[in-house]
Amino acid sequence: MAVAENVRPLAGSRTAWLRWRPEVSTELLALLASVFFAVACNYELWHTLVADVQAHARLLVAVFVFVVALQAFLLGLVLTRWTAKPLLTLLFLATAFAAYYMTTYKVYLDPDMIRNVLETDPHEASELLVSGLLLPLLALAVLPIAALWRLRLRSRTWLRAAWIRLAFLAGMLVLAAGGALFAFQDLSALARNHREVRYLVTPTNYVVSLSKVLLATPPGPAKPLLPIGEDAHEVARADGGRPRLLVFVLGETVRAQNWGLDGYLRQTTPQLAAMDDVVNFPDVESCGTSTQVSVPCLFSPYGRHAYDQARIRSHQSLLHVLQRAGVQVLWRDNQSGCKRVCDGLEFESMARATDPALCDPKRCFDEILLSGLQARIRPDGRDRIVVLHQLGNHGPAYYQRYPPAFRRFTPTCDTEQLGNCSRQQIVNSYDNAVLYTDHFLARAIELLRNEPGYDSALVYVSDHGESLGENGLFLHGVPRAIAPTQQTRVPMVMWFSPGFAQQQRLDLACLRQVAGEPASHDNLFPTILGMFQVQTGIYEPKLDLLRGCEHTRP
Ligand SMILES: [Zn+2]
């Protein structure tokens, strides 16, 4: 009997759940969902308003009412008796992911970040799928979705439904306006001084950003890139001059602050520091704070100084201009592709290589980019540029970016879940990955020193930096206008073989002086054109870092 008595309440609650099928109107559902989003899924918004903006209670109330009413209004536009459940299911699920990543890494879901997510390769994505997601998924998606499907949506005659919906939409607009008027001055100051906060309002942020990205680049075959520098041609080499070879190492997520050559207290670049023919540029600014922004930008003539993302993404790159002028181009990739910068040019992905010394089934260490390289660049009289696109310090799995021999700063953070590690552990892993990039660059330079068929040079620059917990920020991708210097200051080094310096009549002492001045990704386009002595109308001499130090050119 005791057993039966114990079972009954349980069975009772089970049938109660099965019987629980309350009827609600679609409008009430839209409002409830909006309140749920505002309360449960917008931690980062409220935290930023309280901690960074130091909003007072009146402003918080105004933002709350405004956000709830506005999101309910938007839901009111798309939810019907038939669409409500599937659409809200999708929104609960996507919002749970969004809320988790925003809170964990403090990211803003603007169009650049959404592009970033869409272009991430499956391995990177799987590194971000971590067990810490379970609880937020349960609380923010599974539970509300279960409740949602228990509801019955009230049916009304067509005319009555239309009237009620119109009244609801008007009511939400009035409520939003009322919320805004309640603290109008502070709210307009917020909109002026902290524009980026709108990218914290979830789920509107990712829905709007996603629509913007899809409108700018509709799915389907990409349009051909518009030509630039159609007049480009190389000045003929002096008699007896060997072909030029430039290895351009495109780094990933290395910040200047942790770069030994830039004065970091830890020597994270011992091998480069031991070479006296490497020129270091300690004050370089990146174009963007993400690969998606920086890579197309730094290969574009428009750059940051004339920044126009649509124009950059629709036009050819530096590499197309070089190829047109007669320079042979090869892009070797250990990352997520070249972002159309090498469209139609020779491209080789190394990410699926199987060298057991450098690769596991998912990934290869960056030295894979050097494997078999010499065979790919046998001298044939032509000038060449080889872009090596590193995996570099791509987070959050810094500990997977270097072989065991480079685990020199300890203890390390041996998980993607940065929240489970101390700041010091995270920094240690990050610095070990920098050590490995130092080693990789030193090996690349050695390879060029031993390549007698060319006069060669190497340029290394990172695409953007990284936050390692400063001001609670992790990873990168903060909107450029408010990005901290950790995300925008990047290392850059150059190396020239004696033959290359001689051919260009390059004065290295002079270049070391120039290297101390502020520079940016914008300098790369003209500097690299200059290295190959390519003449074209889009070459901007004043941005060429070498020009003032070459005695061949006026
Ligand atoms: Zn990147």
Side-chain angles (χ1 to χ4, degrees), residues 101 105-128 213 248-259 284-300 303-304 307 309 312-313 317-318 331-342 349-351 363-366 369 387-398 400-402 416 418 429-430 433-434 436-437 440-441 459-468 473-480 483-492 520-522 524:
Y101 288 115
Y105 302 118
K106 198 161 180 175
V107 295
Y108 290 77
L109 295 181
D110 63 356
D112 287 333
M113 184 55 79
I114 294 296
R115 213 184 285 277
N116 215 339
V117 172
L118 293 178
E119 292 178 14
T120 297
D121 75 45
H123 288 315
E124 285 177 33
S126 69
E127 277 177 9
L128 282 170
V213 168
F248 182 100
V249 180
L250 177 54
E252 173 63 44
T253 317
V254 179
R255 64 188 202 179
Q257 193 175 313
N258 291 47
W259 188 246
V284 178
E285 219 178 350
S286 71
C287 177
T289 60
S290 69
T291 311
Q292 272 58 35
V293 172
S294 281
V295 172
C297 179
L298 78 87
F299 284 96
S300 142
R304 173 58 55 183
Y307 193 72
Q309 192 170 55
I312 290 173
R313 297 180 76 91
S317 75
L318 168 69
W331 182 295
R332 290 194 127 196
D333 203 272
N334 191 31
Q335 227 214 75
S336 53
C338 74
K339 318 294 167 203
R340 300 201 73 194
V341 163
C342 66
S349 173
M350 310 303 290
R363 292 243 185 244
C364 296
F365 293 123
D366 278 329
L369 290 166
V387 181
L388 302 179
H389 191 196
Q390 286 185 277
L391 192 53
N393 275 41
H394 198 290
Y398 308 121
Q400 293 185 342
R401 301 292 169 257
Y402 49 87
E416 295 84 22
L418 301 181
S429 297
Y430 184 87
V434 179
Y436 183 57
T437 282
F440 170 75
L441 292 174
V459 172
Y460 164 74
V461 71
S462 180
D463 63 344
H464 50 77
E466 184 87 324
S467 285
L468 296 175
L473 288 175
F474 287 93
L475 305 185
H476 53 266
V478 167
R480 184 64 171 75
T485 55
Q486 286 88 9
Q487 297 193 19
T488 57
R489 288 296 162 93
V490 290
M492 179 162 95
S520 78
H521 278 167
D522 283 9
L524 289 161

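Ligands are counted one by one from 1 in listed order, and the atoms in each one are counted from 1 as well. As the structure is a prediction and not an experimental result, all values here were calculated from the model.
With 2.8 Å as the limit, Thr291 counts as an N, O or S neighbour of the Zn ion (ligand 1). When distances to the Zn ion (ligand 1) are checked against a cut-off of 2.8 Å, His476 contributes no N, O or S atom below that limit.
Using a 4.5 Å heavy-atom threshold, the side chains of Val254 and Tyr460 count as touching. At a threshold of 4.5 Å between non-hydrogen side-chain atoms, the residues His394 and Arg363 do not count as touching. Side chains of Arg255 and His464 form no contact here, defined as non-hydrogen atoms less than 4.5 Å apart.
Nearest N/O/S atom of Asp463 with respect to the Zn ion (ligand 1) is recorded as OD2.
By the 30° and 60° cut-offs, the orientation of the rings of His389 relative to Trp331 is perpendicular.
Taking the Zn ion (ligand 1) as the corner point, the angle from His464 atom NE2 to Glu252 atom OE1 is about 140° (rounded to 10 degrees).
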